[in-house]
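Protein chains get the first letters and strands the later ones, always in sequence-line order, with residue 1 at the start of each.
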Amino acid sequence: MLSYNRRENLSTMEKEGKISVHFIMELSKNFNPGEYEQKIYKKWEEGGFFAPDLKSKKKPFCVIMPPPNANGSLHVGHGVGITLEDIMIRYHRMKGEPTLWLPGADHAGFETQVVYQKKLEKEGRNWFHIPREELYKEISDFTLANKSVMENQLRRLGASCDWSREIFTLDERIIKIVLQTFKKLSDDSLVYRGERIINWCVKHQTTLSDLEVKHEEKDGTLTHIKYQIKNSDKYIIVATTRPETMLGDTAVAVNPKDKRYKNLIGKIVILPLVGREIPIVADAAVEMEFGTGAVKVTPSHDPLDFEIAQRHNLEKIQVIGQDGKMTVSAGKQYAGLKVEEARVKVVEDLRARGLIVKEETHKHAVGVCYKCNRVIEPLILPQWFIKMKSLADLAMKTVEKGEVKFVTKRFEKILFHWLKNLRDWNISRQIVWGIRIPVWYCAKTCPLIVTAGETPKKCPHCGGTELRQETDVFDTWFSSGQWPFAALQATGDFQKFYPTNVMETGWDILPFWVMRMIMLGKYITSKAPFEYVYLHGLIRDQDRQKMSKSKGNVIDPLGVVDLHGADALRMALVFGVSAGNDIVISEDKIRAHRNFANKIWNASRFVLMNLGDNFFESHCEESQTTKQSCATAGSSRFLSVGRHGARDDARLQPEDKVILKKLSEITKKVTKYLDKFEFHLAAEEIYQFFWHEFCDKYLEEVKGRLTGAIASEAKQSRRDRHTTTFVWARDDRQVTQAVLYKVLIDSLKLLHPFMPFVTEAVYQMMPKKEKEFLIIENWPV
RNA sequence: GGGCGCUUAGUUCAGUGGUAGAACGUUCGCUUCACACGCGAAAGGCCGCAAGUUCAAUCCUUGCAGCGCCCACCA
C-alpha cells in the first residue's frame, strides 16, 4: 500500500493510479474549493465532456446561453442564469442525451458604446471627434479583451458549456444571417424607412426604441398661455409643460365634443412671440378634462402632436436640434439656447406681454434615456422601422398554440400585454458599434438599394456608381432577436438542435429579447426557437434592495467563488428560489451552502475511510481478470442494491433498508423536479436527504457496525458477481460498506448538477467508479 | 390611467383542498475518534382582513387593506 501525505492532491493521486484509505484519512478536514475547482474544470474541458455526444440516439437537449455583454465583468445575475442552465445541462448530459449548451458573447451595441464612451470621458477624449473606423477598432479591441475575461469567469462558475462552439454576435457568419433577415423583411415589406417622431438621446446622439426609454415621475410646471384669436380681442388659453416648444406650434387642438370651444374650431390664432397664424383644429385625442382642454400642437417635438399633425396635415417646424439646442427656426433671439434656457426665456417674454395666465406645479412622467437618465427629446428623423403588427400576431399565435411554453405562466400574460401594444420598432441607431444596415443610397434620387450584405457596384435604377451606405447600425436586439437560429446555423448545429429546448434568462428582458426571438425565430424558420421559457428574477440583498454599484451592495460572484467556492454560490442561488421570483442572497446564505459543501466532503471522507482497503484494491484485481474495467465491475453490482429488491436482502439491517428506500424515493423526486424546472425543490430534497437522513441518521447508526473497518484487510469473495448482490459482502460490516457506497455515489450524482466541484472531487477518490468522471456518469434511476 | 404580482416562524422564502415546512437566526446542552463550516434538544405561526364555494380552505372565488413591479402620447 502506498502512503501519501496530505499535501498531495488529485493529480498525484492520479499519477499513482490508486487511492488508499490512508490517503483519505490524510485529507484536510475542510473542503478547500480553491485546491480543486480550477483543476477539475480543466480536466472536464480537456476531456471534451462539454461537447454533445452526437452518437447518442437519444433526443437532443439544447440550451442557448444568453450571450453576456462583453463590456464588463459578470455580476451575480449572470450567476443565477449560468447556474440554472448548467444544472439543466449537467442533468441531461448525465441522462445520456446529446446535450449542447452553446456559449456566446454579445457585442451589445449601444450598451457597450455607453461603457466605452464613459471610459473615453475619463481619459478626456471626445467620442465625437474620433473617426468612425478608428473608434470601431478601439471598441472592438475593448470588447474582445472583456470577452476573454468573461469566459474565464464563466469557467470559474463551473459552466459546462461547449467552448469549442463559442460564438460572438459579430462573427461574420452571424452578420451574414442577420443581413439576410433584414433583406427578407424588406422584401416582405415589413421594414420601411420613415420620417417619424423618435426618441432622441442628446447625450448619446442616437435614437432609442420605445423600450429603451424609461419614464420618471418629475415635478414640472403646467403653464397656461393666452393665444390671441385673429381679428378678435378674445384668447384661447392653452396649457403646456414645455412652453419653449410653442415656438414650433403649428396649430391649437381641442376636442370636437368640447362645448367650450365648438365655435372656435376652424378659427385662426396668432402664435405669440412668433406671429405665425395657426388654425384651431378638432381632434378626439385631446382630453377635455386636462388643463384648459386646449392643446398647443408642436408636431416636431411631441408624439401626440405629431399624430394630430398627420391627421390634419399640419406643417412641422423643427425648433430643437439634435444637439438639444434651439434651431434658427425658433427665431433669432432663441436660436442656440439650450432647451432649459429657452424655456425660461420664453416664459419671461410671454409674461412681459401679459400672456401667462397661471403656472401650476404638475407631476408628470417624463421619458428619459435608460442609460444616462437624460430627458429624451422627441424629434422627427428618418429611421428604419420594422412593422410589428404581423410579427406580433405571429408570436401570439405561437404562444397560444403552446409551441412556446412559459414555465411561469404569468409571464405569458405579460408577453401578450406587450404584443398587443407594440408600435413599430425603430431598429436604426446612430452609433458606431454594431452591424451596419445594408442599404445604399444613390447620389441621384433613385429608390434605396437593399441587399443582404453585398456591396452593390452600381445603382440598379440609373446605373450610377456614386453610392453611399447607410451609416446607421442595427439595434442590438435586432440581431440578438435572431440568436437561437443564427447561432446554431453558424456552428452547423441547426439540423440537430433547433428548435432548442429551453430559453433561460432574466424576466427583465422579456420584451427586449424573448419576445423578439419568438417573432423573428418563427418568422424566419417557421418554428419557435425554443419550447420552454424559464425566467429568473432579479437579485436582491438581504434588505430586498436591488443591487447597484451606487448602493454599494453588489456581490461580486468571483469574489464569492474565491472565498467560499463556486458550489456554495451556485447552491445559494437556487435554494429557496422559485421560478420568476426575485432572488435574495446574503453572505449568510452563501456560508450555509459552503458548510453544506463541506458536509459532503466530510461525509464522503468518512464513507471512504470505512470502505476498507479491499474496496480500493482487491476488486480492481478481480475485475481485471474478468476483463472488465475496475469501475464497471464495482458499481453495476452496487446499483442493483436499490433496483432488484436487494432491499429485502436478508443481511440488510432495518436502517439499511430505510436509507435505501429513501434514496430511491429521493432519486425519483429530484428527477421529477428537474424535469419540471423546479430546481429549488430538487436542491432542497437532496440537501435534506444528504445531510439529515444520510449523515445525521444513517451514518450515526452504522458507526458501531463499522468498527475496525479501516484496519481491516478483509478478503474479498470471488463468487460470481452476477448471482449475488453483495458478492464481496461476507459479513455485516461489508453489507454496511456496500450500502454506504451505494448511497454516497448516487447522492454525488444527484448533487452534481448543483454542486459540480465537490462532488467531482469526491468522485475522483471513489474506488470502482463506473466512469472516469462524475460529469459523464449515468443519472441514477 | 392600464396591467402583473406579493402578503405563511425573528429574517429570507418554499408548499399543499384534509395534523403547517426549509434555510438562516435565536435559546439550552455537547473538545461523541467524518465534519464546531459540527452534533443533540428546544422555543417560535388565528398561513394579511372579510365573505363565499366545499364534508373540509393557508390553498379555489369575490371584495377590502397594505406592499412591490411593469407599461403609458393628460399636453
Side-chain angles (χ1 to χ4, degrees), chain A residues 24-25 27-32 197 210-211 213-215 220 222-223 238-243 245-246 249 252-253 285-298 301-308 362-365 367 378 408-418 420-421 423 507-508 510-511 537-538 540-544 546 564-565 568 571-572 575-578 580-610 678 680-681 683-685 687-688 691-692 695-696 699-700 703 706-707 710:
Chain A
I24 304 294
M25 293 178 75
L27 289 170
S28 70
K29 293 212 283 188
N30 286 343
F31 175 64
N32 178 9
I197 196 139
D210 294 338
L211 297 191
V213 176
K214 295 283 148 226
H215 291 85
L222 192 60
T223 308
V238 298
T240 180
T241 53
R242 298 197 61 187
T245 61
M246 59 87 57
D249 283 1
V252 169
V286 178
E287 297 282 337
M288 289 186 279
E289 295 74 27
F290 187 84
T292 61
V295 188
K296 55 187 272 320
V297 180
T298 321
H301 302 290
D302 183 277
L304 179 66
D305 294 6
F306 177 82
E307 281 174 24
I308 293 175
H362 172 62
K363 260 202 168 119
H364 62 149
T408 309
K409 205 72 179 164
R410 75 167 198 272
F411 289 118
E412 202 174 292
K413 288 190 205 166
I414 296 174
L415 177 73
F416 279 124
H417 189 249
W418 273 104
K420 279 176 200 147
N421 293 296
R423 295 195 293 170
W507 59 252
D508 50 323
L510 172 68
L538 246 53
R540 296 176 181 278
D541 68 10
Q542 63 269 34
D543 302 320
R544 291 211 53 105
K546 262 190 206 176
H564 299 302
M571 201 61 171
F575 212 84
V577 176
S578 58
N581 287 350
D582 287 352
I583 299 160
V584 177
I585 189 157
S586 60
E587 189 70 26
D588 273 352
K589 196 171 174 188
I590 295 163
R591 208 178 298 118
H593 291 287
R594 187 269 322 257
N595 294 353
F596 181 49
N598 196 50
K599 191 74 184 175
I600 295 170
W601 175 253
N602 279 299
S604 304
R605 272 201 317 135
F606 176 78
V607 170
L608 289 168
M609 278 184 230
N610 284 292
E678 294 178 313
H680 61 293
L681 295 180
E684 282 160 21
E685 286 292 346
Y687 179 100
Q688 200 62 23
W691 197 319
H692 301 301
C695 296
D696 291 351
L699 291 190
E700 294 303 323
K703 273 180 178 170
L706 290 164
T707 313
I710 299 167

Below the 4.0 Å mark, does B:C37 have OP1 or OP2 next to a side-chain nitrogen or oxygen of A:Asn602? no
Do the non-hydrogen side-chain atoms of A:Phe606 and A:Cys695 ever get within less than 4.5 Å of each other? no
Donor-acceptor pair under 3.5 Å: do we get one between A:Arg591's side chain and the base of B:C37? no
NE2 (A:His301) and CE (A:Met246) are apart, to the nearest 0.5 Å, by 13.0 Å
Excluding sequence neighbours, so at least two apart, what forms side-chain contact (heavy atoms from CB on, under 4.5 Å) with A:Lys409? A:Glu412
Looking for any heavy atom pair under 4.0 Å, which part of the strands does A:Ile197 touch: base, sugar-phosphate only, or nothing? nothing
Please check: side-chain N/O of A:Asn598 versus main-chain N/O of A:Arg594, any donor-acceptor pairing under 3.5 Å? no
Counting only side-chain nitrogens and oxygens, does A:Lys214 get under 4.0 Å of the OP1 or OP2 atom of B:C71? yes
Can you measure A:Glu685 atom CD to B:A14 atom C1' for me and round it to whole angstrom units? 11 Å
Kindly compute the distance separating NE2 (A:His564) from CD1 (A:Ile590), expressed to the nearest 0.5 Å. 6.5 Å
Whether A:Lys599 contacts B:C39 is assessed here as follows: a side-chain N or O lying under 4.0 Å from the phosphate OP1 or OP2. Is that the case? yes
Do A:Glu700 and B:A34 have a side chain to base donor-acceptor pair shorter than 3.5 Å? yes
Below 3.5 Å is the cut-off: list the nitrogen or oxygen pairs between protein and nucleotides 4-9 of chain B, distance only.
from, atom 1, to, atom 2, distance (Å)
B:G5, OP1, A:Lys413, NZ, 2.6

Would you please name every residue forming a side-chain contact (heavy atoms from CB on, under 4.5 Å) with A:Val295, sequence neighbours left out? A:Val286, A:Asp305
Over all strands shown, is A:Lys420 touching base, sugar-phosphate only, or nothing at heavy-atom distances under 4.0 angstrom? nothing
Write down the atom of A:Ile197, the atom of A:Pro303, and the distance for their closest heavy-atom approach. CG2-CA, 3.8 Å
Rounded to the nearest angstrom, tell me the gap between atom CZ in A:Phe606 and atom C1' in B:A34. 6 Å
State, yes or no, whether a side-chain contact exists between A:Trp601 and A:Leu27 at a heavy-atom distance under 4.5 Å. yes
Using the side-chain contact (heavy atoms from CB on, under 4.5 Å) rule, take A:Glu684 and A:Gln688 through it: C-alpha gap first, then chi angles, then the decisive distance, then the call. CA-CA 6 Å; A:Glu684 282 160 21; A:Gln688 200 62 23; over 6 Å; no
If I take atom CG in residue A:Asp508 and atom C1' in nucleotide B:G68, what distance separates them, rounded to the nearest angstrom? 16 Å
Please give, in whole Å, the distance from B:A34 C1' to A:Arg605 CZ? 5 Å
Length of the CZ-C1' vector between A:Arg540 and B:G68, whole Å: 8 Å
Under 4.0 Å between a side-chain N/O of A:Trp691 and OP1 or OP2 of B:C39, yes or no? yes
5' to 3', nucleotides 26-31 of chain B under a 4.0 Å protein heavy-atom cut-off (B base, S sugar-phosphate only, - none) gives ------
Applying side-chain contact (heavy atoms from CB on, under 4.5 Å) to A:Leu211 and not counting sequence neighbours gives A:Ser209, A:Trp418, A:Pro511, A:Phe512, A:Arg516
For A:Phe306, which residues count as a ring pair (Phe, Tyr, Trp, His ring centres under 6.0 Å) partner, sequence neighbours excluded? none
I'd like to check the side-chain contact (heavy atoms from CB on, under 4.5 Å) partners of A:Glu307; sequence neighbours left out, ordered by chain and number. A:Arg311, A:Arg423
From CZ of A:Phe411 over to P of B:C69, roughly how many Å is that when rounded to an integer? 15 Å
Base, sugar-phosphate, or nothing: which does A:Asp582 touch, judged by heavy atoms less than 4.0 Å apart? nothing
Stems for RNA chain B (at least 3 consecutive Watson-Crick or G-U pairs, under 3.5 Å) come to B:1-7 with B:65-71, B:10-13 with B:21-24, B:26-30 with B:38-42, B:48-52 with B:60-64
Grab the NE2-C1' distance between A:His680 and B:U16 for me, whole Å please. 13 Å
Taking all atoms of both residues into account, what is the closest heavy-atom pair of A:Asp249 and A:Thr245, and its distance? OD1-O, 3.3 Å
Return the nearest nucleotide to the side chain of A:Leu681; candidates are B:C71, B:C37, B:G15. B:G15
Measure all distances between protein nitrogen or oxygen atoms and nitrogen or oxygen atoms of nucleotides 72-75 of chain B, and list the pairs falling under 3.5 Å.
from, atom 1, to, atom 2, distance (Å)
B:A72, OP2, A:His215, ND1, 3.4
B:C73, OP1, A:Arg423, NH2, 3.4
B:A75, OP2, A:His362, NE2, 3.3
B:A75, O3', A:Thr241, OG1, 3.2
B:A75, N6, A:Glu287, O, 2.7
B:A75, N6, A:Phe290, O, 3.3
B:A75, N1, A:Glu287, N, 3.1

Assign A:Asn30 to base, sugar-phosphate, or nothing according to its heavy-atom contacts below 4.0 angstrom with the strands shown. base
If you assign A:Phe31 and A:Leu699 each to the RNA chain B nucleotide with the nearest heavy atom, which residue ends up on the more 5' nucleotide? A:Leu699
Checking B:C24, B:G15, B:C35 against the side chain of A:Asp588 (C-beta onward), the nearest is B:C24
Residues at least two apart in sequence or cross-chain that pass ring pair (Phe, Tyr, Trp, His ring centres under 6.0 Å) with A:His593, listed by chain then number, are A:Phe575, A:Tyr687
Do A:Asp696 and A:Trp691 make a side-chain contact, defined as non-hydrogen atoms from C-beta onward lying under 4.5 Å apart? yes
For atom NZ of A:Lys29 and atom C1' of B:G38, their distance in whole Å: 10 Å
Pairs: protein N or O with nucleotides 18-23 of chain B N or O, under 3.5 Å:
from, atom 1, to, atom 2, distance (Å)
B:A23, OP1, A:His692, NE2, 3.1

With side chains defined as the heavy atoms from C-beta onward, is the minimum distance between A:Ile583 and A:Leu538 less than 4.5 Å? no
Residue list, ring pair (Phe, Tyr, Trp, His ring centres under 6.0 Å) with A:His364, at least two apart or on another chain: A:His362
